[in-house]
Number of protein chains: 2
Amino acid sequence: MPQKTTEIDALLTPAEVAVMFRVDAKTVNRWAQRGLIPHVWTLGGHRRYPEKAVRELLARDITRREA
Amino acid sequence: MPQKTTEIDALLTPAEVAVMFRVDAKTVNRWAQRGLIPHVWTLGGHRRYPEKAVRELLARDITRREA
DNA sequence: AAGCAATCGGGTAATTAGGGCG
DNA sequence: TCTGTCCTAATTACCCGATTGC
């Protein structure tokens, strides 16, 4: 078990998320702006995406198709 | 061991799959709707197809014609 | 401090989904 | 039954200059 009780979710860059969904990084940002993906901000105003949440969104659509 | 335990399958766009099968993108769309091809959804409702699965379907159709 | 890749924004073309038709 | 084409609306991709990350 490489993790402690306090789970810290790794953060992904827009480019990394874009590769996972096979879309452009700009598209990922549009999803974030619409509130479709949780994200945090760097102090300089760049977005970072929790890996866990991204994977869930990616796997969700495979099985079902609910918004 | 050429493979890692966590392999991330690349995704193909509808147009790319259409070219591979030499059909129209809409036909690929219909195959997906019938559940004949596994696929993932972008958050905007566009489909993305796992490259591995597509290649397997292509190879299968070349050799035989079952079901 | 300096260099380079990445990520902001916006704006405009290109794809895609879906329905219906032949 | 299966596929290709036409249509509209929505989503996505590529363009730029400027800022940020490392």
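Throughout, a chain's letter reflects where its sequence line sits, starting with A, and its residues are numbered from 1. Every value quoted in this text rests on a predicted model; they were computed, and no experiment measured them.
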Inset, instruction - Check whether any side-chain N or O of B:R48 sits under 3.5 Å from a backbone N or O of B:W41 as a donor-acceptor pair, and report yes or no. - result: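 Checked: no pair found.
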I'd like a table of atom pairs between the protein and nucleotides 8-11 of chain C - only N or O on both sides, under 3.5 Å - with the distance next to each one.
from	atom 1	to	atom 2	distance (Å)
C:dC8	OP1	A:R47	N	3.0
C:dC8	OP2	A:N29	OD1	3.0
C:dC8	OP2	A:N29	ND2	2.9
C:dC8	O5'	A:N29	ND2	3.0
C:dG9	OP2	A:R47	NH1	3.2
C:dG9	OP2	A:R47	NH2	3.1
C:dG9	N7	A:K26	NZ	2.9
C:dG9	O6	A:K26	NZ	2.5
C:dG10	O6	A:K26	NZ	2.9

Legend entry - Student check: side-chain heavy atoms of B:T42 and A:W31 closer than 4.5 Å: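 The answer is yes, as the side chains (C-beta and beyond) meet within the 4.5 Å cut-off.
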Inset, instruction - Please tell me if the side chains of B:N29 and B:P14 come closer than 4.5 Å, counting only heavy atoms from C-beta onward. - result: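 No, their side chains stay 4.5 Å or more apart.
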Legend entry - Between D:dG4 (C1') and B:F21 (CZ): distance, integer Å: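 These atoms are roughly 17 Å apart.
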Tell me whether the side-chain N/O atoms of [X] come closer than 4.0 Å to OP1 or OP2 in [N].
X: A:W31; N: D:dT12; value: yes
X: B:R22; N: D:dG4; value: no
X: A:T27; N: D:dA13; value: yes
X: A:R34; N: D:dT11; value: yes

Legend entry - Partner nucleotide of C:dC21 by Watson-Crick or wobble geometry (both distances under 3.5 Å):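 Per the H-bond distance test, D:dG4.
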Legend entry - Listed nucleotide nearest any side-chain atom of A:A15, set C:dT7, C:dT16, D:dG4: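 Of all the options, the side chain of A:A15 is nearest to C:dT7.
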Legend entry - Shortest non-hydrogen contact from B:D9 toward B:P50: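 Between these two residues, the closest heavy atoms are OD2-CB, 3.3 Å.
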Inset, instruction - Using the six-membered ring wherever Trp is involved, compare the ring planes of A:H39 and A:Y49 and label them parallel, tilted or perpendicular (cut-offs 30° and 60°). - result: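 Geometry flag for A:Y49 against A:H39: tilted rings.
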Legend entry - Side-chain ion pair, A:R22 and B:E51, N-O less than 4.0 Å: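 Salt bridge between A:R22 and B:E51, a charged N being under 4.0 Å from a carboxylate O: no.
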Inset, instruction - Identify, between A:R48 and B:R48, the residue whose nearest nucleotide on DNA chain D lies closer to the 5' end. - result: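 The residue whose closest nucleotide sits nearer the 5' end is B:R48.
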